[in-house]
Undergrad: 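Before I ask anything, here is the structure I am working with.
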Number of protein chains: 4
Amino acid sequence: MTTAPGRPRDRRIDRALLDATAELLVEVGYADLTMDAVAERAGTTKPAIYRRWRSKAHLAHEAAFPTDAERVQVPDTGDLATDLRAMVRACVDVFAHPVARAAVPGLIAEFAADPTLHAALVGRLADGPLGTARDRLARAGIEPDAVIEAMAGTTLLALLFRGGDDLDDAWIDRTTTLLLKGIAP
Amino acid sequence: MTTAPGRPRDRRIDRALLDATAELLVEVGYADLTMDAVAERAGTTKPAIYRRWRSKAHLAHEAAFPTDAERVQVPDTGDLATDLRAMVRACVDVFAHPVARAAVPGLIAEFAADPTLHAALVGRLADGPLGTARDRLARAGIEPDAVIEAMAGTTLLALLFRGGDDLDDAWIDRTTTLLLKGIAP
Amino acid sequence: MTTAPGRPRDRRIDRALLDATAELLVEVGYADLTMDAVAERAGTTKPAIYRRWRSKAHLAHEAAFPTDAERVQVPDTGDLATDLRAMVRACVDVFAHPVARAAVPGLIAEFAADPTLHAALVGRLADGPLGTARDRLARAGIEPDAVIEAMAGTTLLALLFRGGDDLDDAWIDRTTTLLLKGIAP
Amino acid sequence: MTTAPGRPRDRRIDRALLDATAELLVEVGYADLTMDAVAERAGTTKPAIYRRWRSKAHLAHEAAFPTDAERVQVPDTGDLATDLRAMVRACVDVFAHPVARAAVPGLIAEFAADPTLHAALVGRLADGPLGTARDRLARAGIEPDAVIEAMAGTTLLALLFRGGDDLDDAWIDRTTTLLLKGIAP
DNA sequence: ACTTAAACGAGACGGTACGTCGCGTCTTAAA
DNA sequence: TTTAAGACGCGACGTACCGTCTCGTTTAAGT
């Protein structure tokens with residue numbers, strides 16, 4: 001294993017940029033997020049961003065769905081009802097997180113036109129609770145795709161059309177029940 | 001009831017602009033849709049657009065979800081399974097329409113930051129199959145909001161993450177079944 | 001005589017930009033003159049500049065050699081010695097003006113690579129004292145090109161290599177004498 | 001007398017860089033000359049350049065006015081007319097050389113803002129025909145500065161405003177005559 | 001017929017933000 | 001210490017598109 005030639009990248013700048021992006025997303029939203037503002041808050045400049053991410057969307061999607069986040073734990077109790085409820089809650093936790101909430105609408109717009117971003121985001125989510133859920137459901141003998149589509153889709157729509165604050169325990173219960181009955185044999 | 005003074009607006013221009021917008025949305029997508037291009041294709045000028053719509057998003061949302069569209073008919077058979085299936089199909093038909101498909105991601109982004117647009121789009125959809133579905137379900141003694149959220153959300157997610165071509169009869173069957181069991185007493 | 005269609009250009013912005021350019025040229029020099037700084041000082045933005053001038057050089061050359069300047073008067077006494085001296089002085093006045101002095105080195109660099117600018121600058125100078133001098137000399141029966149080349153070239157070199165402050169009366173006398181003898185029959 | 005510690009500098013790289021610079025100056029001009037391109041053509045890297053020259057201008061000025069050039073010979077016949085003509089020709093040869101011609105406008109711009117470069121270029125020219133000319137004229141009992149200023153200035157202006165191709169024998173004759181009469185007692 | 005008032009074509013406007021280029025520097029491992 | 005390699009931080013660039021404005025002209029309805 002050799003070292004790459006050339007000056008190594010400064011990891012502190014990566015962090016500063018991601019942090020600045022997350023903060024600004026919450027403060028001003030995706031549409032009003034400018035690369036100049038990100039660079040300035042991170043104490044660096046625009047080219048440093050573009051050296052690391054190919055677009056605003058790629059930067060935002062990494063800030064909104066960090067891979068190193070303390071993994072949303074979905075306990076494996078063996079009881080489908082309990083586990084499914086945990087999955088729904090995890091799904092809400094991921095999408096309703098303030099940074100994600102601010103970024104998602106913009107990301108949706110961009111990744112419709114950018115296959116690169118599409119792939120990146122799908123991969124990133126597959127490593128999160130959605131991937132966990134898929135495994136768990138498959139082990140329970142349930143074809144997972146339809147359920148995940150319904151779970152994530154319902155969450156997304158609720159988020160987009162009413163804002164994340166309504167996604168409380170009652171909403172989670174209601175949605176879990178619908179899904180649970182929907183997938184019953 | 002009096003007539004507005006001054007030169008009346010030319011209705012042919014309204015149409016030409018909406019048509020040009022729809023065409024361009026399909027051809028280049030929302031992000032690369034420019035007002036100059038719309039005006040040029042419609043054979044008019046930008047001020048003529050802004051006299052009619054307050055922004056690109058307002059124009060696009062009207063082009064994507066025309067109110068005068070031949071209404072997607074949802075037959076009222078009285079059989080919940082049959083009717084629900086028709087609702088799902090209508091939902092797919094609306095969102096998977098080429099123009100809507102091109103416009104939706106961009107609209108999602110914009111209306112996250114523009115309450116005006118949010119209201120306009122919600123109203124427009126409520127007049128369409130979603131409104132019909134709500135009435136129908138309510139009459140069947142079912143609380144409609146959760147079902148609609150699940151139905152539209154699942155459709156939206158499928159559309160965004162896989163493109164509309166996979167939303168065939170099998171998908172409609174699968175989704176209808178899940179919802180039907182989910183809302184059973 | 002018809003009016004051009006479209007919104008007319010705001011002449012006050014033209015002026016503000018030229019004034020800002022002249023000021024900044026003196027303050028920071030051509031190399032450190034940035035379009036952003038010009039725009040900011042003029043209270044406008046970069047695109048407003050590029051709508052009016054095709055490059056920094058075109059802007060600077062207009063700021064450095066304004067056509068509407070109170071014309072450098074070259075009295076026509078009929079005495080060649082007197083008149084030539086006045087021409088040399090006028091030449092110095094034009095090139096040693098603080099704004100011109102700051103702009104000239106940069107302009108030289110740019111117009112070597114930009115025929116557009118070359119033509120523009122030649123035309124602009126031909127309307128100034130150089131044009132007057134050419135006419136005057138021709139009337140005196142002297143082939144003007146060689147003299148003008150020598151006069152302007154000597155002035156330019158002196159300016160570039162020693163700064164304009166040394167171009168005092170003694171320098172003007174010395175140069176006038178050299179030229180006068182040089183063109184004697 | 002000791003040797004510098006560490007790895008000695010590779011003289012072949014010096015040459016390759018100067019050659020690459022000269023070639024590229026002629027091909028693309030000073031403004032479009034990039035350090036990356038120079039390094040690439042010379043088969044080395046940018047840091048190797050900056051170890052040798054402090055800036056693009058310093059590199060270009062050395063490439064344009066090489067000290068080791070076969071010295072432009074100015075024969076010393078003792079006849080002022082003959083010698084002055086040779087000086088003018090030498091001046092043209094130096095400045096109209098393709099590489100110098102490409103570099104001069106850019107260098108003028110840079111050394112207006114860089115005293116280091118100013119000094120370097122003046123020193124380099126003083127070692128060339130201008131230095132020779134000064135000595136020769138002084139020996140002939142003529143105050144040399146004014147003549148040199150006129151000679152070099154006229155050449156420079158002609159070069160800048162008409163391109164070097166017009167500086168033929170006729171031009172040299174004409175200019176020599178003007179100077180000769182101009183400095184006559 | 002004349003006035004009023006708004007829509008029209010045309011196109012430039014002011015301005016935000018973009019993504020890129022090239023400078024000169026720095027870090028690394030090998031020579 | 002120089003080399004090759006290449007990324008770095010940074011300042012500045014010129015452009016694209018937004019939504020607005022200013023014209024002079026056209027079109028109808030009201031007087």
Side-chain angles (χ1 to χ4, degrees), chain A residues 2-10 13 31-39 42-56, chain B residues 2-11 13 31-37 39-40 43-57 59, chain C residues 2-10 13 31-39 42-56, chain D residues 3-10 12-13 31-40 43-57 59:
Chain A
T2 80
T3 306
R7 176 174 176 173
R9 193 161 281 171
D10 187 343
I13 293 178
D32 291 339
L33 179 74
T34 70
M35 301 306 250
D36 276 310
V38 171
T44 181
T45 54
K46 249 191 304 179
I49 304 180
Y50 284 100
R51 230 172 272 124
R52 292 165 167 81
W53 294 276
R54 51 169 53 208
S55 75
K56 177 165 126 176
Chain B
T2 78
T3 306
R7 177 173 173 176
R9 203 165 271 175
D10 186 342
R11 288 295 143 198
I13 294 180
D32 292 339
L33 179 76
T34 70
M35 299 306 255
D36 279 306
E40 190 188 8
T44 181
T45 56
K46 256 193 307 180
I49 303 181
Y50 285 98
R51 240 173 261 124
R52 294 166 167 80
W53 295 277
R54 49 168 48 207
S55 76
K56 173 169 142 176
L59 167 60
Chain C
T2 82
T3 305
R7 177 175 175 173
R9 190 160 285 171
D10 186 343
I13 294 179
D32 291 339
L33 179 75
T34 71
M35 301 305 250
D36 277 309
V38 171
T44 181
T45 56
K46 247 189 310 178
I49 303 180
Y50 284 101
R51 233 172 269 123
R52 292 166 167 80
W53 295 277
R54 50 169 54 207
S55 75
K56 178 166 124 175
Chain D
T3 306
R7 176 171 173 175
R9 199 167 274 176
D10 185 344
R12 297 193 310 266
I13 294 181
D32 290 338
L33 178 75
T34 71
M35 299 307 256
D36 280 307
V38 171
E40 189 188 8
T44 181
T45 56
K46 256 195 305 181
I49 304 180
Y50 284 98
R51 238 172 266 124
R52 293 166 168 79
W53 294 277
R54 48 168 48 207
S55 77
K56 172 169 141 175
L59 167 61

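To find a chain, count down the sequence lines: A is the first, B the second, and so on, and within it residues start at 1. The model shown is predicted, which means the values in this text are computed figures rather than measured ones.
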Undergrad: Please produce a list of atom pairs where a protein N or O lies less than 3.5 Å from an N or O of nucleotides 15-19 of chain E.
TA:
from	atom 1	to	atom 2	distance (Å)
E:dG15	OP2	C:Thr44	OG1	3.2
E:dC18	OP2	A:Met35	N	2.7
E:dG19	OP2	A:Tyr50	OH	2.1
E:dG19	O5'	A:Tyr50	OH	3.2
E:dG19	N7	A:Lys46	NZ	3.0
E:dG19	O6	A:Lys46	NZ	2.6

Undergrad: To the nearest Å, give me how far apart CZ (C:Arg7) and P (E:dA12) are.
TA: 12 Å

Undergrad: In whole angstroms, how far is the C1' atom of F:dC17 from the CD1 atom of B:Ile49?
TA: 13 Å

Undergrad: Which side-chain N or O atoms in residues 45-52 of chain B pair as donor and acceptor under 3.5 Å with protein atoms at least two apart or in another chain?
TA:
from	atom 1	to	atom 2	distance (Å)
B:Arg52	NE	B:Asp14	OD1	2.9
B:Arg52	NH1	B:Ala48	O	2.7
B:Arg52	NH2	B:Asp10	O	3.3
B:Arg52	NH2	B:Asp14	OD1	3.3

Undergrad: Using whole Å, what does the distance between atom C1' of nucleotide F:dC13 and atom CH2 of C:Trp53 come to?
TA: 18 Å

Undergrad: Measure from CG on B:Leu59 to P on F:dC18 and round the result to the nearest Å.
TA: 11 Å

Undergrad: Is the shortest side-chain N/O distance from B:Arg9 to OP1 or OP2 of E:dA7 below 4.0 Å?
TA: yes

Undergrad: Can you name the nearest heavy-atom pair linking B:Leu59 to B:Met35, along with the distance?
TA: CD2-CE, 4.1 Å

Undergrad: Name the residue closer to the 5' end of DNA chain F, choosing between B:Pro8 and D:Asp10 according to the nucleotide with the nearest heavy atom.
TA: D:Asp10

Undergrad: Could you pull out all residues at least two apart from A:Ser55 that satisfy side-chain hydrogen bond (donor to acceptor under 3.5 Å, both in side chains)?
TA: A:His58

Undergrad: NA contact type, D:Arg52, heavy-atom cut-off 4.0 Å: base, sugar-phosphate, or nothing?
TA: sugar-phosphate

Undergrad: Within a radius of less than 6.0 Å around CZ of A:Arg54, do more than 12 heavy atoms belonging to other residues, nucleotides or ligands occur?
TA: no

